[in-house]
Amino acid sequence: MEIKATFLGGAGEVGKSSIMISDNKTNIMLDYGVKLQEEPVEYPLLPREKIDVVIPSHAHLDHSGAVPILFKRGEPKVIATDLTLELSYLLLNDSLKISKKRRERLPFSKRDLKSMMRNSTPIRYRTPKKIGGIKIELFDAGHIPGSASILMSKEKKIFYTGDIKMKDSRLLNGCSLPDKTDVLIIESTYGDKKQPKREDEEKKLKRYVREALTNNDIALIPTFAVGRAQEILLVLEEFADFIAIDGMAKQATEIIYYYKRYIKNSEKLKKIMKRITWVRNMRQRKNIIRKGGIVLTTAGMLGGGPIIFYLQELHDNPKTKILFSGFLVEDTPGYNLLKTGVYSNEEMVGEKNNFKVKCEMHRLDFSAHADREELLNIIKKLSPKKVICVHGDNPKKFAKDVEEIFNIDAFAPKIGEEIVL
Ligand SMILES: [Zn+2]
Ligand SMILES: [Zn+2]
C-alpha cells in the first residue's frame, strides 16, 4: 500500500511545521507547530482524517506549539523523547501564561495541554516502534537536547530530518543517521547559506564580553531558552562568575541538566550552573544593572521575557553591548531592532514599547541548524531517490540545486500539497 505525505505547514516557510504521513489505515502527524512571527499567529492546516499518532520532533514551538489543538476533537497518542515532552510542556504552558497576561485567546486550553501530556509516551532513540503497519524509529538530530529525526519504514524507508545539525557543538553531538533511505524530507533553513566558523564566533563573543566586563558595563545576550542558553554557558565558562541567567532559560537549563544523558559536557555544565547567578527578582536585576556583568536571558528574538526589562533600562547607554547569538526571524522585534536601531513591540500593552536603542549591537551565529554544506552531506550519506525540501525561506531553490548536484528528484511542496512517496 502506498504511503502519502500531506504538507500541512512549514512548506516554503519557517514556522508551523507539520506533515501527515498516511498509508490509508494509519495517520501519523510529524510535528504540529505554530508560526509565531505572523500577526495573528498562524497554525498548520487541520486535516479531516483522524490522527492516530503525533510525533513532535523537538520542543521548539514551530514544531510542537499546536499539538494541544489536536486534543480539542480527539485523543491521538503523542510519541517523543522524554526530554522533548518535558520541554514542550514548559514552552506550551508558558504560551498559555503569556496569552492570559495579554488577554489573548489561544486555540487550546490548559485542559487540552494536560490531555496531550496524559496521552504521551516517551520513546528512546534507536528503539523501533510499530504504529499500524508503519515502523518508526527516532534518531538524535543534534539540533537541541532531545531533538529527533524520524525514520518510517514500510516497503520504503522515509526519513524526516526535523531540524537537524550535523556538526558537534559544545552542548551536543552532531546528528546520527540511518544507513540509507528511499525518501528524504529535509529541512533547508540554511539551504543557500554558509555559516561562519564556530571558533571565530566564540572568539568574537568572548572578546565583546571581556570588553564589557573590563569597563563594568553590561553584555546583554538574548537567547532561546532551550539549547542556545546552555551552549552559550559552555562557551563562556571562564566568565561564569559574572553571568546572570534570567527568564525561562533558567528552567530550561535545569531540565536539560536533569536529562543529562542527552548532552555532552554535563559535568562542565553542572560546575558552571553552580557559579552563575540565578536571577529571581527585580532587586537582583537592578543590582546587576548597577554593577555590570553578563546577562543571559529570554526571549531570543526579543518578543517577551525579562530581556525587555533590561532593554527598557539600558537602551540609552551606548556602552551596553547587545550580543545576538543566532538566527532572527524576519519581522520579529529582534530582527527589526538590529535593522533599524529601534525597539518596537506592539504586543506589549501599557508599557514602554517603542524606543531608540543606543547600545552597541552585534550579531553572532551559533546556529543549531545544518548549513548548506552539512545538508548536502546528509543527502549524500542517505543517498535517497527522492528529496523533499521543507522548513526554509527558499526551499524551491535548494531543491533545484539538489536535483542538479545529485541528479535525483527533488522538490519543495506547497502548503496543502499531497505527495505519494
Ligand atoms: Zn528547532
Ligand atoms: Zn524549526
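All ligand and atom numbering here is 1-based and tracks the order in the structure.
For the Zn ion (ligand 2), the nearest N, O or S atom contributed by D62 is named OD2. Within H58, the N, O or S atom lying nearest to the Zn ion (ligand 1) carries the name NE2.
Crowding of K270 atom NZ: a count of heavy atoms from other residues, nucleotides or ligands under 6.0 Å not exceeding 12.
Taking every heavy atom of both residues into account, Y335 and V329 meet most closely at CB-O, 3.3 Å.
Take the Zn ion (ligand 1) as the corner point: the lines to ND1 of H60 and to NE2 of H143 open at 90°, to the nearest 10 degrees. The NE2 atom of H391 and the OD2 atom of D163 subtend an angle of 110° at the Zn ion (ligand 2), given to the nearest 10 degrees.
Within the 6.0 Å centre-distance limit, the rings of Y262 and Y125 are counted as a close aromatic pair.
Looking only at side-chain heavy atoms (C-beta outward), I134 and D23 come within less than 4.5 Å of each other.
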